Amino acid sequence: MTRDSGNKPAAVSAQFDAVVVGAGFSGLYMLYQLRQLGLSAKGFDTAADVGGTWYWNRYPGARCDIPTTDYAYSFDPELEKEWTWSEKYATQPEILDYLRLAADRHGLRSDIEFSTTVTSAHWDEGENRWRITTDRGNEIRCQYYIMASGCLSIPKSAEIEGAGQFAGQVYFTSQWPHEGVDFTGQRVAVIGTGSSGIQSIPLIARQASQLTVFQRTPNFSIPAHNGPAPAERVMQLSEDRDGYRHAARWSRGGIPAELTDVLGVTASEEVRRERFEAAWEQGELFGILGVFADQGVNPASNDIVAGMIREKIRLAVDDPEIAETLCPKDHYFGTKRPCLDTGYFETYNLPHVRLVDLRTQPITSITAQGIDTADQSFEFDAIVYATGFDAMTGALAAVDVTGRGGLSLMEKWTPGPSTYLGLMTVGFPNLFMITGPGSPSVLSNMTVSIEQHVDWVAGCLKDMRAAGFETIEPTALAESGWDVHVQDCAAITLHPTASSWYMGANVPGKPRVFLPYIGGVNAYRQACDDVVSQGYLGFRRTGRGEDECRDGVIRSMQPDVAMVLEIMAGLGLPPMETLSVTDARALMAAAAATRPPGPEVAEVTDGVMPGPGGDLPYRLYRPATADQGPHPIVVYFHGGGWVLGDLDSDDPLCRDLCARSGAVVVSVNYRHAPEARFPAAAQDAFMAVQWVDANAVSLGGIPGQLAVAGWSAGGNMATVVCQLARDAGGPRIAGQLLINPVVESEMMRPSYAENGDGYILTTALMRWFWEHYADPADRGDPRAAPLLGNLTDLPSAIIVTADFDPLRDEGVAYARALDAAGVPVRHVRARGHTHTSVTMVGIVISGAPVRAQMAAALADFFPAPVTGAVSNSSIG
Ligand code: NA7
């Protein structure tokens, strides 16, 4: 980044409590808070004045795309009173004025050295201080080094051959000349159609004699409908400013909003249209990103919104061919930063504006006269690069930072940034990042996220000083746990599918890792607060000769599992074990009726088979494979503690298993307790397997290719059947898939203590199941507690255990015991899952990869690989 001139003398070596890099929204507020704490602080900025992003990005049309009612500080009520935004989306000059006012109101400029770039920061372990140097020769020692350097502040280089040869004027939207540019009468090229391009193109078109836009990826954009600040928000703010700001802090995106529960995939066409048009008219990013609750996670729902935006583009652009070129089709809506525009698409109706599709004719070189593409040569007077930034990590990497043991931050982050809460990183004590990677930052209203980070850091410093700690640093466990959580949150969305700057994909060679935290501003704030209330969980603090380390992981549950638990808690349902069996069954059936149905399979047929106590209903699922079969067969037993459940209760799971594995699944409904107690269910299960084996051909199965599977109590029965079949000398079972199985009745393992309450299957409910199913004297029988049985010569096993399941440890113990008995075992850990969540097909998205693993392992049971199964990616 070029630096403004401003020949100030270099400062002499100095010592401060804190150094803050950056004088934008975050740096200014950080300096303010440090002062409130009574700490000495020095700020540095490459720019000649305050403003950060808003200092540099002065291109025509530069505006914020969060309504300015919300894009503002909330820490200073007087500033709020003094300032009124003139528009819904304020221009860059107005935002810059606002930041200048904020700086002046608190006299912050005197703490900042402008036109000065911090070049290195080294942690001195002997002194427990950072040594900071600048390009103007400053050398500063400080205790806390705070990077408030912005997420989009290092422009990405053009990466186009010949870029230096162009003889005309060159401009970067990210470093626009302060005096402005007059393009009147000029032939202008704009490269890039992200927010900066989309905002500036209509205004450049007003001046230029010819404007040629070079588009690599068409972008989704909706009209900003700029004008006065939205009346409703202004009214809410004037009536209850504190309440409004509070709601923003605890919202998903940093703006108060009511979240919808309307699903795109199930809504009627009328509702879809109505919701979309309302969001279109509103002209707000979070509105259009929240038309449907599932558009960020479900491709089909996303396609509905994306399709409607494409319709609007086609309406706006006269030439159908140009319209098609402008229609984004290579990424899901929202997975690249969508834009707000004013007349962007209509600009292409102007006779002097031309669109060049770089997908069909890539740029081969910039020349002295202009730009050569594969198809033709263009001549220009000016080229505008709107090519984006080295986002989120660029500014952090721009400083040579070394931590403990000379560890370089950039080396540490070679595989991708690793942080705890996006605030700190292991090996770099007392280095804080404001809106760093792993925090909501660019996915949120930045001002809300900035204030939250600065407040957290200030609180942290205050607590440290009060307790006499000198340093703070995350633990490796806490950091890796957070990194996993950040990726878990992203993995359930469509975001990782796009080549976006959120993924680091716009910078060649940058590792592809999802950079921001997508779990929401509210969830994130709660995590940060929980860290503090748990005594700085995940941090090591040192000082006064004492170390304090509260090691641990702040979030280890899959985010969608946590969401389901929250929703279920909100329903206020009575605990199952307090109900009569009839009512419990009715509750199960009612819940089952509202679920997504699970994937399509080729055929589902119900039938009956003979059982020891009368006919047993079964449901057969045939896979949609390229061949017509026959297929291997899996006999499946549903869960429900031997008391609850039926063919419907596990129907989506059976469909999923069938579709993923390519095997025929025969789900058997056995007799239930308390009507038929132990060992009725086990007897039924064994007879069912014998019958399926004997009738394999007529069921569409391959004789001899038979496996058993079951979830929970069904897992118990599946493995009991394996023991019974071995003892009886048949049928031959190729393998057993046991999903969170019950294998003993003691209920004494640590997972009962850890997870016995709060995760749907509770200790109390498990006790209720056992009481209904088996007399205490029978509970040690291997047909009830298979862990106590003879485990030799059993079929290969896949054992799934879930982290937040009371049954976890008995499943693990069973896997170990089988292994010790010489049985091949594959243990699949459902990380961050509960007893039930993996089975929630179409609801808990993070369960899908676990089920894919299960199905793949299941297919391995059979001698020939199961071919022609539908691809996993099409299954939710
Ligand atoms: P963006 O959103 O990163 O957009 C950059 C654009 O430039 C985008 O269309 C890129 O295409 C294009 N680009 C980048 N490099 C090239 C090359 N070498 N050739 C052709 N086209 C290229 O940056 P913005 O400044 O517009 O916006 C940044 C954020 O600021 C924005 O999201 C808001 O948060 C505010 P690509 O998509 O990579 O194919």
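Model, not experiment: these values are computed from the prediction. Every number for a ligand or one of its atoms is a count from 1 in the order of the listing. All residue numbers refer to positions in the sequence shown, counting from 1.
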Novice: Any salt bridge (Lys or Arg N to Asp or Glu O under 4.0 Å) involving residues 491-517? Give me the pairs, sequence neighbours left out, ordered by first then second residue.
Specialist: Asp390-Lys510

Novice: When the aromatic ring centroids of Trp85 and Tyr98 are compared, is their separation below 6.0 Å?
Specialist: yes

Novice: Give a table of atom pairs where an N or O of ligand 1 lies under 3.5 Å from a protein N or O.
Specialist:
{"from": "ligand 1", "atom 1": "2 (O)", "to": "Trp501", "atom 2": "NE1", "distance (Å)": "3.4"}
{"from": "ligand 1", "atom 1": "7 (O)", "to": "Ala386", "atom 2": "O", "distance (Å)": "3.2"}
{"from": "ligand 1", "atom 1": "9 (O)", "to": "Thr193", "atom 2": "N", "distance (Å)": "2.9"}
{"from": "ligand 1", "atom 1": "9 (O)", "to": "Gly194", "atom 2": "N", "distance (Å)": "3.4"}
{"from": "ligand 1", "atom 1": "15 (N)", "to": "Lys156", "atom 2": "NZ", "distance (Å)": "2.8"}
{"from": "ligand 1", "atom 1": "15 (N)", "to": "Arg216", "atom 2": "NH2", "distance (Å)": "3.4"}
{"from": "ligand 1", "atom 1": "18 (N)", "to": "Ala158", "atom 2": "O", "distance (Å)": "3.1"}
{"from": "ligand 1", "atom 1": "25 (O)", "to": "Ser196", "atom 2": "OG", "distance (Å)": "2.6"}
{"from": "ligand 1", "atom 1": "26 (O)", "to": "Ser195", "atom 2": "N", "distance (Å)": "2.9"}
{"from": "ligand 1", "atom 1": "26 (O)", "to": "Ser196", "atom 2": "N", "distance (Å)": "2.8"}
{"from": "ligand 1", "atom 1": "26 (O)", "to": "Ser196", "atom 2": "OG", "distance (Å)": "3.3"}
{"from": "ligand 1", "atom 1": "34 (O)", "to": "Arg337", "atom 2": "NE", "distance (Å)": "3.4"}
{"from": "ligand 1", "atom 1": "34 (O)", "to": "Arg337", "atom 2": "NH2", "distance (Å)": "3.3"}
{"from": "ligand 1", "atom 1": "37 (O)", "to": "Thr217", "atom 2": "OG1", "distance (Å)": "3.3"}
{"from": "ligand 1", "atom 1": "37 (O)", "to": "Lys336", "atom 2": "NZ", "distance (Å)": "2.6"}
{"from": "ligand 1", "atom 1": "38 (O)", "to": "Arg216", "atom 2": "NH2", "distance (Å)": "2.9"}
{"from": "ligand 1", "atom 1": "39 (O)", "to": "Arg216", "atom 2": "NE", "distance (Å)": "2.8"}
{"from": "ligand 1", "atom 1": "39 (O)", "to": "Thr217", "atom 2": "OG1", "distance (Å)": "2.4"}

Novice: Is the Lys NZ or Arg CZ of Arg58 less than 6.0 Å from the centre of Tyr55's six-membered ring, within 45° of the axis?
Specialist: yes

Novice: Less than 3.5 Å apart, any donor N or O on the side chain of Ser449 or Ser444 sitting next to an acceptor on the other?
Specialist: yes

Novice: Are Thr342 and Arg63 close enough that a side-chain donor and a side-chain acceptor fall under 3.5 Å?
Specialist: no

Novice: Under the side-chain contact (heavy atoms from CB on, under 4.5 Å) test against Leu340, which residue among Ile222, Ile288, Asn226, Ile198 passes?
Specialist: Ile222

